[in-house]
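Reviewing the structure listed below.
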Amino acid sequence: ALAAAGALLALALAPWRRRRPVREVLFFPSPPSCIEALLAEAAGPVRTACPCPLPRRDCALSRLLRRLLSARRSLDVCVFTFSSPQLGRAVRLLHGRGVRVRVVTDSQYMAVRGSQIGFLRLAGIQVRHDQESGYMHHKFAIVDGRMLITGSLNWTTDAIQSNRENVLVLEDTEFVKPFLEEFERIWEEFNPGNYKF
């Protein structure tokens, strides 16, 4: 009886227990895998079977997508180049769910072949870019103002499938805060109203 009471008390207190903050390291290249089910689940209740022959397995890309798709309020993305269709689709899905999405990128690389920037803008997502001679070379994202995703990974198919890359995912205010401040500083600096021609 005492054990049962203890188990009931533990279940009752479970919602108030503090969950552990996210601390995850992802290494690329990510093995080829089908992430269609993950994206379809994020898109809503309509599900179709994916006919692709790729295996369905947990991998660096699927874990990165899960972290991005966990956004409920905001997603701030600051990346040098963005041409991954899977990451582009995830960002558009978030925007479609009402998540405030803002993207900062490098002007020289936003029009490379396969760039997702045009698709993001067509979806109504705010995108800003630099007007400088140097590169906007950051590679980070902030989910809901609390989770930092950063590392060497450019958001490109080549980087995901071929390059030796790393991504660090952290929920730690001490590290998230300076990245938030940097994003806001760049966002304001790259405001088209501030450009001088």
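In what follows, residues are counted from 1 in the order of the sequence shown. Keep in mind that what you see is a predicted model, and the values were worked out from it rather than measured.
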Evaluate the side chain to side chain contact (heavy atoms under 4.5 Å, CB included) criterion for residues Val167 and Thr150: first the C-alpha distance (whole Å), next the side-chain angles of each, then the deciding distance (0.1 Å), finally the verdict.
-> CA-CA 5 Å; Val167 171; Thr150 189; over 6 Å; no

Decide whether Val99 and Leu180 are clustered together by the hydrophobic rule: side chain heavy atoms of Ile, Leu, Val, Met, Phe, Trp, Tyr closer than 4.5 Å, transitively.
->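 Different clusters.
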
What heavy-atom pair brings [X] and [Y] nearest, and what distance separates the two atoms?
{"X": "Leu68", "Y": "Ala141", "answer": "CD2-CB, 4.4 Å"}
{"X": "Arg97", "Y": "Leu69", "answer": "NH2-O, 2.8 Å"}
{"X": "Ala71", "Y": "Leu94", "answer": "O-CD2, 3.7 Å"}
{"X": "Cys59", "Y": "Ser33", "answer": "SG-OG, 3.0 Å"}
{"X": "Met147", "Y": "Val22", "answer": "CE-CG2, 4.4 Å"}

State plainly whether the residues [X] and [Y] are in salt-bridge range, i.e. N to O under 4.0 Å.
{"X": "Arg72", "Y": "Asp144", "answer": "no"}
{"X": "Glu24", "Y": "Arg66", "answer": "no"}
{"X": "Lys177", "Y": "Glu181", "answer": "yes"}
{"X": "Lys139", "Y": "Glu165", "answer": "no"}

Looking only at side chains, do Gln126 and Arg100 share a donor and an acceptor under 3.5 Å apart?
->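 Per modelled atom types, Gln126 and Arg100 side chains form no pair under 3.5 Å.
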
With distance as the sole criterion, is a donor-acceptor pair present between the side chains of His129 and Gln108 under 3.5 Å?
->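 Absent: no donor and acceptor within the cut-off.
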
Working to the nearest 0.5 Å, report the span between [atom1] of [X] and [atom2] of [Y].
{"X": "Glu36", "Y": "Gln86", "atom1": "CD", "atom2": "CD", "answer": "9.0 Å"}
{"X": "Thr157", "Y": "Leu87", "atom1": "OG1", "atom2": "CG", "answer": "8.0 Å"}
{"X": "Arg102", "Y": "Phe190", "atom1": "CZ", "atom2": "CZ", "answer": "13.5 Å"}
{"X": "Phe28", "Y": "Leu61", "atom1": "CZ", "atom2": "CG", "answer": "6.0 Å"}
{"X": "Arg164", "Y": "Leu153", "atom1": "CZ", "atom2": "CG", "answer": "13.5 Å"}
{"X": "Ile35", "Y": "Arg57", "atom1": "CD1", "atom2": "CZ", "answer": "13.0 Å"}

Just by distance, do the side chain of [X] and the backbone of [Y] share a donor-acceptor pair under 3.5 Å?
{"X": "His95", "Y": "Ala123", "value": "yes"}
{"X": "Asn154", "Y": "Ala159", "value": "no"}
{"X": "Arg128", "Y": "Trp187", "value": "yes"}
{"X": "Ser70", "Y": "Arg67", "value": "yes"}
{"X": "Glu171", "Y": "Pro21", "value": "no"}

Contact between [X] and [Y] at the side-chain level, heavy atoms closer than 4.5 Å - yes or no?
{"X": "Met136", "Y": "His138", "answer": "yes"}
{"X": "Ile186", "Y": "Cys78", "answer": "yes"}
{"X": "Thr81", "Y": "Met110", "answer": "no"}
{"X": "Gln116", "Y": "Ser84", "answer": "no"}
{"X": "Asp106", "Y": "Asp130", "answer": "yes"}
{"X": "Ile160", "Y": "Pro29", "answer": "no"}
{"X": "Leu120", "Y": "Arg92", "answer": "yes"}
{"X": "Asn166", "Y": "Leu26", "answer": "no"}

Stepwise, does the side chain to side chain contact (heavy atoms under 4.5 Å, CB included) test hold for Val127 with Val104?
-> CA-CA 6 Å; Val127 178; Val104 170; over 6 Å; no

How are the rings of Phe80 and Tyr109 set relative to one another: parallel (under 30°), tilted (30 to 60°) or perpendicular (over 60°)?
->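 Taking Tyr109 first and then Phe80, their aromatic rings sit tilted (interplane angle of 30° to 60°).
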
Quick one: sort the His137 and Tyr135 rings into parallel, tilted or perpendicular, breaks at 30° and 60°.
->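 Tilted, since the angle between the ring planes falls between 30° and 60°.
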
From CA spacing to verdict: side chain to side chain contact (heavy atoms under 4.5 Å, CB included), Val91, Phe82 = CA-CA 11 Å; Val91 170; Phe82 189 161; 4.0 Å; yes

Starting from the C-alpha separation in whole Å, work towards a yes-or-no answer on side-chain hydrogen bond (donor to acceptor under 3.5 Å, both in side chains) for Asp58 and Ser62.
-> CA-CA 6 Å; Asp58 192 39; Ser62 67; 3.0 Å; yes

Thr105/Ile117 under side chain to side chain contact (heavy atoms under 4.5 Å, CB included): CA gap, chis, key distance, verdict = CA-CA 9 Å; Thr105 191; Ile117 298 303; 4.0 Å; yes

Name the one of Val143, Ile142, Val77 that satisfies side-chain contact (heavy atoms from CB on, under 4.5 Å) with Ile149?
->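 Per the side-chain contact (heavy atoms from CB on, under 4.5 Å) rule, the option paired with Ile149 is Val143, out of Val143, Ile142, Val77.
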
